[in-house]
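Let me begin by presenting the structure, written as structure tokens, before commenting on it.
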Amino acid sequence: MLIGELSRRTAVSTRLLRYYEEQGLITSRRLPNGYRDFPEDAPETVARIRGLLSAGLSTEVIRDLLPCAEGTAPNLEACPSVIGALRAEAEGMQRRIEALSRSREAVLRYIAEARPAAEDPAPAPGRPEAASAGRA
DNA sequence: ATTCTTACA
DNA sequence: TGTAAGCA
């Protein structure tokens, strides 16, 4: 199916769909006119990708584990090697959580020991304005 | 009307 | 990621 249909059926923008392909998460063939032609089961693959992405996995690990996982969300069948990779990911996350916790405690410590200053310093002059920081 | 690539915000 | 440009 064409990218437009896949986009409608998955509610994922064509932009993102092309990005997923670029990252090796999904594949497609090319029609004579150059248009991408996705497999009929592409919608399911995209759903699986979204779930894995929501779990905080990188496109890199998803790429390696995708070909060996059937089903979606919480109920997916995975090969032993995939389970091992996920276990390693979880451990890596745990280490990051611990490192972040130490950082947070360090920051909290600064607050606790900080003594009330008189005034805030004057704003730094002329620098490239950092626009909106909010990321969706 | 749709998709494609490239590139900037 | 969105969006715009210039094609096919």
Side-chain angles (χ1 to χ4, degrees):
Chain A
M1 68 180 82
L2 298 183
I3 196 170
E5 186 184 345
L6 180 57
S7 178
R8 287 194 302 280
R9 298 178 28 173
T10 61
V12 172
S13 70
T14 59
R15 174 75 169 82
L16 204 45
L17 253 16
R18 293 194 184 95
Y19 179 68
Y20 287 165
E21 181 184 55
E22 189 177 83
Q23 296 304 298
L25 270 34
I26 52 179
T27 60
S28 77
R29 308 174 25 148
R30 292 286 177 156
L31 266 23
N33 59 14
Y35 287 13
R36 264 169 272 251
D37 181 32
F38 294 95
E40 291 308 300
D41 67 334
E44 298 163 38
T45 301
V46 173
R48 231 168 298 157
I49 291 172
R50 305 204 76 191
L52 267 3
L53 240 26
S54 294
L57 297 177
S58 67
T59 57
E60 184 189 335
V61 314
I62 294 177
R63 181 193 313 138
D64 301 327
L65 121 194
L66 212 49
C68 189
E70 205 65 40
T72 315
N75 311 311
L76 79 175
E77 305 169 32
C79 303
S81 61
V82 165
I83 294 177
L86 292 179
R87 188 163 285 139
E89 276 300 308
E91 288 176 3
M93 290 175 176
Q94 184 60 59
R95 280 193 291 281
R96 284 189 289 164
I97 287 173
E98 289 162 2
L100 236 198
S101 289
R102 286 194 293 280
S103 293
R104 188 184 74 103
E105 281 164 21
V107 170
L108 255 26
R109 221 169 290 134
Y110 276 110
I111 295 175
E113 295 173 28
R115 65 203 130 71
E119 297 292 317
D120 283 341
R127 280 180 36 194
E129 195 62 57
S132 57
R135 283 348 185 181

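Among all heavy-atom pairs drawn from Thr14(A) and Ile3(A), the shortest one is O-CD1, 3.6 Å.
Atom-to-atom, CG of Leu31(A) to P of dA1(B) comes out at 21 Å; the value is rounded to the nearest Å. Between Arg8(A) atom CZ and dT2(B) atom P the separation is 8 Å, expressed in whole Å. We find that OH of Tyr19(A) is positioned 16 Å from P of dT6(B), with the value rounded to whole Å. dT2(B) atom P lies 16 Å from atom CG of Leu17(A), rounded to whole Å. Here the C1' atom of nucleotide dT5(B) and the CG atom of Asn33(A) are 15 Å apart, to the nearest Å. Distance CG (Leu6(A)) to P (dT2(B)): 16 Å, rounded to an integer number of Å. Summarising the geometry, the separation between CZ on Arg18(A) and P on dT6(B) is reported as 12 Å, rounded to the nearest angstrom. Spacing between atom CD of Glu22(A) and atom P of dT3(B) amounts to 18 Å, rounded to whole angstrom units.
Considering only side-chain N and O atoms, Arg30(A) lies under 4.0 angstrom from the phosphate OP1 or OP2 of dT5(B). Phosphate proximity of dT5(B) to Arg36(A): present, with a side-chain N or O under 4.0 Å from OP1 or OP2. Neither OP1 nor OP2 of dT3(C) sits under 4.0 Å from any side-chain N or O of Arg15(A).
Looking at heavy-atom distances under 4.0 Å, Thr14(A) makes no contact with the nucleic acid at all.
If you check dA1(B) for Watson-Crick or wobble pairing at under 3.5 angstrom, you find it has no partner at all. Under the Watson-Crick or G-U wobble criterion, with both distances below 3.5 Å, dC7(C) has no partner in any strand shown.
Within 6.0 Å of the CD atom in Gln23(A), the count of heavy atoms belonging to other residues, nucleotides or ligands exceeds 12.
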**Report entry** Working for side chain to side chain contact (heavy atoms under 4.5 Å, CB included), residues Tyr20(A) and Ile62(A)
**Finding:** CA-CA 11 Å; Tyr20(A) 287 165; Ile62(A) 294 177; over 6 Å; no
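Here the side chains of Pro39(A) and Met1(A) are not in contact, with every heavy-atom distance at 4.5 Å or above.
In summary, Glu22(A) and Arg18(A) do not engage in a salt bridge, as defined by a charged side-chain N under 4.0 Å from a carboxylate O.
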